[in-house]
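Accompanying notes for the structure given below.
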Amino acid sequence: MKKLLLPLLLAPSLAFSAVHPVFVEAMSGYQPLKISSEGSTITVVMNEARMTNTIYEFAASNLCSYQWQKSPDYLNGVQEIHLLNKHARQGYVFSNPKETCQSILDDDLPTKQANMRILGSTRMY
C-alpha cells in the first residue's frame, strides 16, 4: 500500500517539473489541472469547462507581469503557450510570449492596448 501512495503523491509535482518555477507560480492563482512542457511549447490545462477570452486575457497578462516583475528570462525558449479548458480540447495559443510581453513593456502600453497586442499574438487552439 505504501508503495502505491508515493507515486500518487508525487504525480502532481512531476506534472510541473519541466516548467520554469516562475511560470508555475504565475499560473498558480488559476489552479491549473496540469502544466506540461514539450519542446518549446508549454501547455496549461485550466480547471474551466470553457476557456473564455476574459480568462485567457487575464492569464496571458499575468504571464507578462511576471516577466516584467519577477524574472525577465523565465519565458526564454518558449515559442507557444497553450491555455486550454479542463478537457484540453478548446482554448488559445499565445505565440512568441516573451517577445510580445517585452514589446508591451517597451511601448509602455495601457491595459486595453496591451490586451490587443496579446490578442495579435493569439490564435484559437
Side-chain angles (χ1 to χ4, degrees):
M1 182 70 169
K2 288 182 183 178
K3 289 181 184 178
L4 179 62
L5 286 177
L6 185 59
L8 291 176
L9 292 173
L10 292 176
S13 63
L14 292 176
F16 302 140
S17 63
V19 179
H20 196 291
V22 173
F23 188 94
V24 174
E25 180 184 342
M27 295 306 299
S28 66
Y30 298 93
Q31 300 177 340
L33 299 176
K34 179 181 177 185
I35 300 176
S36 60
S37 176
E38 185 175 323
S40 61
T41 299
I42 297 175
T43 301
V44 181
V45 178
M46 307 287 264
N47 192 15
E48 302 288 340
R50 182 171 171 263
M51 181 60 111
T52 66
N53 62 327
T54 303
I55 295 168
Y56 171 73
E57 286 177 16
F58 277 116
S61 295
N62 195 49
L63 291 171
C64 286
S65 294
Y66 268 76
Q67 178 177 325
W68 306 326
Q69 298 170 3
K70 299 265 185 170
S71 175
D73 64 342
Y74 90 100
L75 291 173
N76 283 354
V78 177
Q79 292 299 312
E80 291 186 341
I81 299 171
H82 299 178
L83 294 165
L84 308 177
N85 70 345
K86 67 182 177 181
H87 307 292
R89 294 179 186 225
Q90 179 266 328
Y92 297 89
V93 177
F94 186 10
S95 299
N96 301 312
K98 180 175 176 61
E99 293 80 8
T100 302
C101 292
Q102 190 60 47
S103 74
I104 292 168
L105 179 64
D106 291 345
D107 295 342
D108 195 25
L109 297 178
T111 303
K112 190 170 186 165
Q113 289 178 329
N115 285 341
M116 293 302 292
R117 177 87 42 101
I118 288 169
L119 289 175
S121 297
T122 300
R123 69 177 191 280
M124 298 294 292
Y125 179 78

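Only heavy atoms go into these numbers, but all of them, side chains included; no hydrogens, no water, no symmetry mates.
- Taking NZ from Lys112 and CD from Glu57, the interatomic distance works out to 10.5 Å, rounded to the nearest 0.5 Å.
- Rounding to the nearest 0.5 Å places OG of Ser65 at 10.0 Å from CG of Leu105.
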Inset, instruction - Begin with the C-alpha distance, continue with both residues' side-chain angles, and end with the deciding distance and a verdict on side chain to side chain contact (heavy atoms under 4.5 Å, CB included) for Leu75 and Tyr66. - result: CA-CA 10 Å; Leu75 291 173; Tyr66 268 76; over 6 Å; no

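- Proximity of a side-chain donor or acceptor of Gln90 to a complementary backbone N or O of Met51 within less than 3.5 Å is detected.
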| field | Stepwise side chain to side chain contact (heavy atoms under 4.5 Å, CB included) check, Ile35 with Ile42 | value | CA-CA 7 Å; Ile35 300 176; Ile42 297 175; 4.0 Å; yes

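- Inter-residue side-chain proximity for Met46 and Gln31 is flagged as unmet; no heavy-atom pair is nearer than 4.5 Å.
- A distance of 6.5 Å separates NZ in Lys98 from CD in Gln102, rounded to the nearest 0.5 Å.
- Closest heavy-atom contact between Gln79 and Pro97: O-CD, 3.7 Å.
- For residues 40-55, there are no side-chain hydrogen bond (donor to acceptor under 3.5 Å, both in side chains) pairs, not counting sequence neighbours.
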I'd like to know whether Gln67 forms a side chain to side chain contact (heavy atoms under 4.5 Å, CB included) with Asp73, so could you lay out the CA-CA distance, the side-chain angles of the two residues, the decisive distance to 0.1 Å, and finally the verdict. CA-CA 7 Å; Gln67 178 177 325; Asp73 64 342; over 6 Å; no

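- Residues meeting the side chain to side chain contact (heavy atoms under 4.5 Å, CB included) test with Ser61, sequence neighbours left out: Asn115, Ile118.
- Here the straight-line distance linking atom CG of Leu63 with atom OH of Tyr74 works out to 4.0 Å at 0.5 Å rounding.
- The main-chain N or O of Ile55 is never found under 3.5 Å from a side-chain atom of Tyr30 such that the two would form a donor-acceptor pair.
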- side chain to side chain contact (heavy atoms under 4.5 Å, CB included) between Ile104 and Trp68, worked out: CA-CA 10 Å; Ile104 292 168; Trp68 306 326; 3.6 Å; yes

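- Residue pairs meeting the side-chain hydrogen bond (donor to acceptor under 3.5 Å, both in side chains) criterion with at least one member in residues 116-125, sequence neighbours excluded: Tyr56-Thr122, Glu80-Arg123, Ser95-Arg123, Thr100-Ser121, Ser103-Arg117, Asp107-Arg117.
- Side-chain atoms of Asn85 come within 3.5 Å of backbone N or O of Ala88 as a donor-acceptor pair.
- Atom CD of residue Gln69 and atom CG of residue Asn62 lie 9.0 Å apart, to the nearest 0.5 angstrom.
- Side-chain contact between Ile81 and Phe23 is present, with at least one heavy-atom pair separated by less than 4.5 Å.
- Counting only distance, with no hydrogens or angles, the side chain of His20 and the backbone of Val22 share a donor-acceptor pair below 3.5 Å.
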